[in-house]
Amino acid sequence: MARYYVTTPIYYVNDAPHIGHAYTTITADALARWHRLKGDDVWFLTGTDEHGLKVKRSAEANGLSPQEQADVYSARFREAWALLDISNDDYIRTTEARHHRAVRALMQAAYNNGWITLGTYEGLYCVACEAYYVEDDLVDGLCPIHRRPVELLKESNYFFRLSAFSDRLVEWYADNPGAVTPEAKRNEALGLIKGGLQDISVTRTSLDWGVRVPWDGKHVFYVWYDALINYATAVGYGEDTVRFSAWWPAVHHLIGKDILRFHCVYWPALCMAAGIDPPHRVSVHGFLLVGGEKMSKTAFNQISPADLVPIFGVDGYRYHFLRDQQFGPDGDFSYEAMVARYNADLANNLGNLLARVSAVVHQKCAGIGPAPRPDSPLAGLAAEVYRSADAAWERPAPSEALEATWLLVRAANAALEAAEPWRAEPGPAVDAVLGDALEVLRIVAVLASPALTRSAAEIWRRIGLPGSPLDVCLPEAALWGGYPGGVAVERGTPLFPRLKA
RNA sequence: GGCGGCGUAGCUCAGUUGGCAGAGCACUCGGCUCAUAAUCGAGUUGUCGUCGGUCCGAGUCCGACCGCCGCUACCA
């Protein structure tokens, strides 16, 4: 059995969940669901990143302890994921004891291997912030927050000898052409490496909200190194060797382009330093823009899932982002496009197909769904669609997988139109075309279930099938002829009521 | 400044090794009336950013230019 370990970034608890966070999480969820259908052993991880200066500061501003602050925000992410039917198997928080143990173990291994050494960091420091700045951050040479002079300060820090890994990283990229996707992002990562890597500071003494360095208690690990290691923590790094070696390195990281450097350069190198394999794959996607602008707190243009789910439903929400936003390039979010896609694909094509088929089955077949023809003209297309969808999920390209699936929906509508069973007398000809249409609905329910978590099951139930499309196995479940016939078909209210533009 | 990408129908995009310009949405016309003003069929729209080159033939290859964008350039 294949193993599929998929992760989202752990989201920083300094921000409320918005559609950008949700995009990564829904994509990971859909991939996890697809692989579960394929019978793979799946582990789907998401979580929150809870250490670091920004959390500490926000906590102070809110009159909370850092842990209380983290608890509040972490809960918001968990609520958002519950709202969106996210099926994660684990939820990691970097403040958990299991994670502290794993970070210490992994960094200790890198230290023991000689890749972490004591050095001196020199930078511009604001005493009030207790933080370093680089010149570009400064406003008129002053701290951007306190508007006070900064001073040049030296601090003893541990450094990760990243510069020693350039050759090994280049080699790794050469040996694993699919390790970073899409191609453009892989080139960016390679560009970073070939542009020359510098050793990087991985600890702080000026901050205490983090994981203590095991060999030197005056330091805590800088939040990024703490954060990246979550992927190893969750599958038992340092605690359960058997479990860890079962899941690692069969890991697929999904990330946004903003954190490419950390995941495609620092993280593989750190894995090498600690003596474990780099991740199997990192898939990098772009940003969701709103009106062409990047979402940001200061621009007041953040949209949250909770704004849209009441209008589109969970399935309408998930479908839009998986189908309309290509995985890779930046995408522009618009309410109008979301309504248009919902009406065209969900209401008009899929929802209406279910409605018309169940209506005619009631008029011509006494409500009992007939079996499909083994030699249906739609059978070949169904097989082709499955192949395309499977390949697309693998890339990953959810929009292409769903696009392929909808070819089948359209073909079923066209086949009905050609046969006009509503005009014919009940009999084998009517049964044949309706059976084929029901079979298409069954297959589409399976293939679309990673996106349409709820309505796929509802279609399944309405066409009289036992169980759930979430419990079937691919590729068998996509083979033509699975609809048994002779089962009661339910006439229901519209699955996806049309929305006004 | 360096590296890379993009510019194809009103919109979002696909175009494999150069071989008659495509899909979905929108729009127009027609059919149908089982269905959620749904569906089905037909059709319109493109100087494939500009100019030049190679070739029997260029959206595709080469060069220049225009426009847009990404990454990067001492930013833990």
Side-chain angles (χ1 to χ4, degrees), chain A residues 52-53 119-125 131-138 155 157-160 162 182-196 198-204 206-207 221-225 257-258 260-262 264 266 284 286-287 289 292 323-326 328-332 334 336-337 339-364 399-400 402-404 406-407 409-424 430 433-434 437 491-501:
Chain A
L53 183 66
T120 303
Y121 179 78
E122 203 178 289
L124 300 167
Y125 188 82
Y132 286 95
Y133 288 96
V134 292
E135 232 157 284
D136 286 355
D137 292 335
L138 301 180
E155 178 178 323
N157 277 179
Y158 286 95
F159 282 73
F160 172 44
L162 180 66
E183 189 80 20
K185 304 301 183 193
R186 170 192 153 85
N187 291 341
E188 277 182 29
L190 261 176
L192 289 171
I193 295 162
K194 290 178 173 169
Q198 306 213 333
D199 294 345
I200 44 180
S201 162
V202 295
T203 69
R204 299 288 184 278
S206 53
L207 179 72
F221 288 111
Y222 177 57
V223 64
W224 259 108
Y225 304 92
K257 65 180 186 180
D258 51 326
L260 180 145
R261 171 195 293 272
F262 298 100
C264 301
Y266 298 178
V284 188
F287 289 143
L289 308 176
R323 172 64 186 86
D324 249 18
Q325 303 295 336
Q326 286 188 76
D330 288 354
D332 207 356
S334 90
E336 292 71 23
V339 170
R341 177 64 70 182
Y342 173 96
N343 281 339
D345 286 10
L346 297 181
N348 297 353
N349 282 339
L350 180 58
N352 186 52
L353 176 64
L354 176 66
R356 67 197 306 209
V357 168
S358 48
V360 182
V361 166
H362 274 261
Q363 285 162 25
K364 303 292 180 179
S399 61
E400 292 174 40
L402 293 169
E403 185 179 18
W406 255 251
L407 289 176
V409 178
R410 282 198 208 92
N413 272 319
L416 281 177
E417 209 66 39
E420 300 190 306
W422 46 87
R423 305 179 79 174
V430 166
V433 69
L434 290 176
R491 254 192 115 159
T493 54
L495 202 52
F496 303 103
R498 273 181 67 88
L499 294 171
K500 294 290 283 179

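We use all heavy atoms of the structure for the numbers below, so side chains are in, but hydrogens, waters and symmetry mates are not. Chain letters run A, B, ... following the sequence lines, proteins first, then strands; residues in each count from 1. Owing to the predicted nature of the structure, the values given are computational and were not obtained by experimental measurement.
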[atom1] gap between [N] and [M], integer Å:
N     : M     : atom1 : value
B:C68 : B:U50 : C1'   : 15 Å
B:U8  : B:C69 : P     : 15 Å
B:C48 : B:A9  : P     : 10 Å
B:C3  : B:U60 : P     : 23 Å
B:G19 : B:G57 : C1'   : 7 Å
B:G22 : B:C27 : P     : 23 Å

Under 4.0 Å between a side-chain N/O of [X] and OP1 or OP2 of [N], yes or no?
X      : N     : result
A:N349 : B:A38 : no
A:N348 : B:U39 : yes
A:R341 : B:C25 : no
A:R410 : B:G24 : no

Of the listed nucleotides (B:A35, B:A38, B:C32), which one gets closest to any side-chain atom of A:R498? B:A38
Testing B:U36, B:C13, B:C34 for proximity to the side chain of A:Q326, the answer is B:C13
Classify the nucleic acid contact of [X] as base, sugar-phosphate or nothing, counting any heavy atom under 4.0 Å across all strands shown.
X      : answer
A:R261 : sugar-phosphate
A:R423 : sugar-phosphate
A:A340 : nothing
A:G191 : nothing
A:L416 : nothing

For A:V202 and for A:A344, locate the closest nucleotide of RNA chain B by heavy-atom distance; then report the residue assigned to the nucleotide nearer the 5' terminus. A:A344
Judged by each residue's nearest nucleotide on RNA chain B, which is more toward the 5′ side, A:V360 or A:D345? A:D345
Nucleotide B:G70, atom P - distance to NZ of A:K257 in whole Å: 6 Å
Expressed in angstrom and rounded to an integer, what is the separation of A:N413 atom CG from B:C32 atom C1'? 13 Å
Do A:E188 and B:G4 have a side chain to base donor-acceptor pair shorter than 3.5 Å? no
Taking atom CG of A:D330 and atom CD of A:Q325, what is their separation to the nearest 0.5 Å? 9.5 Å
Pairing partner (Watson-Crick or G-U wobble, both distances under 3.5 angstrom) of B:U54: none
